[in-house]
Amino acid sequence: MPGVLPYRQDLSRAAVITESAGFERALAAAGDGLAALRRARDDGRLPLLTLPEARGDLAMIEARAAHHREHADDVVILGTGGSSLGGQALYALADSGFGPSGNAPRLRFLDNIDSHTFDHMFRSLDLARTDFLVISKSGGTAETLLQCLICLEALVDAVGRENAASHVTVIVEPGSNPLRHLAEAWGITVIDHDPGIGGRYAALTSVGLLPAVIAGLNPAALREGAQQVLHLSLNTAIGLDTSEPALGAALNTAPGARWSAVLAVYADRLAPFAMWFRQLWAESLGKDGQGTLPAPALGAVDQHSQLQLWLDGPDDKLFTVVTAETVGHGRIVSSELVEDDRLAWLAGRSMGDLLDAEARATIETLAECGRPVRQLHLERIDETTAGALMMHFMLETILAAHVLGVDPFDQPAVERSKVLARAYLAAMDRH
Ligand code: PA5
């Protein structure tokens, strides 16, 4: 097991937090959290911590992905929250907006219930060449069930009742639940959602890996990256200060830490990752009056949108800036095109050069303004790094919850709104 991570965490510009006495106390509490995680891994209570070393399920995932790659030009993923965002984050590694490479189908994640979007999809896609992944851990989420029923009906219209099931895969936990019953009644292939891994922690299970493999990504490399982070955090022979997630958890929870957690990613391919982080952080920590507001951002775009506020607005934000090696990447501006002296500074520069310069300038300017900044620098953006980053933030979130004294795995407050929505729907006239 290599002892080096595919990213580097730099806290040197967050000294306003890390040099406080409160930081040491928070780090010690995060260390207690690590010990609790180690025990949970050893007695098998937290399957998330043994998942990265598992390879036994990958053949099944690859076989089902091969079916959809063969069968479809478009694959629509139905599901919401943790059943969608991890897949979206991984898919972005294969498709930054112009379709995946090779012969992979184009994936579309529909996580909302906006009828305009669905009507447009039904008009735009050839359903005879469209497959659906329906993902819900509980099998009882209203949005996903309604999406599924509407898509099944559209499929029947397009390909007939007898052919519809071959267009669909359902991922749902075992036991009696409406989605599982529906799938069984229709003869749809079902993959078991691990009941021990909650929605927002499920990106490296079939929930995220089936979409990823359909798009042509390497699932073993994703798990390998996650395993590297786990190893450096949970190996008892290794000290607390080598656990990058524990340091991150302390940074976010020390007294004097900030009210917002900005995650600014300097790569289009990581923009959905920042949205995945937002849900993980908000739903896991926002309890009992605790938690901080996660704020995803995209560099360099947000320099023209939010940077003014970051630099000169309230000093209530902790900045995490994710950068990758980009120097020399992309096309280079030809000096022959640059006749105007005012453009001369761009001659011989690549797009990656400018992105690197802008990311560094943002980090330095924030630091000069006294804003706490952490940098996570990636050697490259690939499956290993994505798996590592996902495990980093899952552990950081769980450890932050430990320091704050909240349960990172539940979301009790949202239940009331679900009950009310059902009551309002029941009170409406049927069409
Ligand atoms: O992270 C979570 O647990 C939630 O965000 C769920 O993923 C979301 O509510 C969807 O639930 P389900 O997968 O049961 O449909």
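The figures that follow rest on heavy atoms only: side chains count, while hydrogens, waters and symmetry mates do not. Each ligand, and each atom within it, is numbered from 1 in the order the structure gives.
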Check your understanding: Are any of the N or O atoms of Thr144 closer than 3.5 Å to those of ligand 1?
Key ->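 By distance alone, the answer is no.
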Practice item. Could you tell me whether some N/O pair between Ser136 and ligand 1 is separated by less than 3.5 angstrom? Key: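 Between Ser136 and ligand 1, an N or O pair is found under 3.5 Å apart.
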Review point. Among Tyr201, Tyr7, Phe277, Trp281, which one satisfies ring pair (Phe, Tyr, Trp, His ring centres under 6.0 Å) with Phe393?
Key: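 It is Phe277, the one option of Tyr201, Tyr7, Phe277, Trp281 that forms the ring pair (Phe, Tyr, Trp, His ring centres under 6.0 Å) with Phe393.
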Exercise for review: Give a yes or no on whether the backbone of Glu283 and the side-chain of Lys287 come within a donor-acceptor separation of less than 3.5 Å.
Suggested key: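 Checking the backbone N and O of Glu283 against the side chain of Lys287, a donor-acceptor pair under 3.5 Å is found.
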Review point. Between Arg38 (side chain) and Leu234 (backbone), is there a donor-acceptor pair under 3.5 Å?
Key: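 Yes.
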Which residue owns the protein heavy atom closest to [atom], what's the atom, and how far is it?
atom: atom 14 (O) of ligand 1; value: Ser138 OG, 2.7 Å
atom: atom 15 (O) of ligand 1; value: Thr141 OG1, 2.5 Å
atom: atom 9 (O) of ligand 1; value: Lys418 NZ, 4.6 Å
atom: atom 4 (C) of ligand 1; value: Glu283 OE1, 3.5 Å

Mark up the atoms of ligand 1 that fall under 4.0 Å of a heavy atom belonging to [X], in ascending order.
X: Thr80; result: 7 (O), 8 (C), 10 (C)
X: Ser83; result: 7 (O), 12 (P), 13 (O)
X: Gln279; result: 1 (O), 2 (C), 4 (C), 5 (O)
X: Arg200; result: 1 (O), 2 (C), 3 (O)
X: Gly82; result: 5 (O), 6 (C), 7 (O)

**Study point:** Residue pair His377 / Gln9, side-chain donor-acceptor N/O under 3.5 Å
**Key:**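 No - no donor-acceptor pair under 3.5 Å links their side chains.
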Check your understanding: Are a donor atom and an acceptor atom from the side chains of Gln375 and Arg8 found within less than 3.5 Å of each other?
Key ->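 No - no donor-acceptor pair under 3.5 Å links their side chains.
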Exercise for review: Identify the two heavy atoms, one from Leu204 and one from Leu209, that lie closest to each other, and give their separation to 0.1 Å.
Suggested key: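 That closest heavy-atom pairing would be O-CD1, 3.3 Å.
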Check your understanding: Heavy-atom distance from atom 11 (O) of ligand 1 to the protein below 4.0 Å?
Key ->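 So atom 11 (O) of ligand 1 has protein heavy-atom neighbours under 4.0 Å.
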Check your understanding: So does Arg123 pair up with Asp119, basic N to acidic O under 4.0 Å?
Key ->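 Looking at Arg123 and Asp119, the cut-off is not met.
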Check your understanding: Between Val321, Leu247, Asn252, which is the residue that forms a side-chain contact (heavy atoms from CB on, under 4.5 Å) with Arg374?
Key ->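 Considering Val321, Leu247, Asn252, a side-chain contact (heavy atoms from CB on, under 4.5 Å) with Arg374 is found only for Asn252.
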Point to revise | Between OH on residue Tyr266 and CD1 on residue Ile381, distance to nearest 0.5 Å | key: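 Those atoms lie 13.5 Å apart.
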Check your understanding: Measuring from the heavy atoms of Gln411, does anything fall under 4.0 Å of ligand 1?
Key ->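 Yes, that is the case, since the closest heavy atom of the residue is under 4.0 Å from the ligand.
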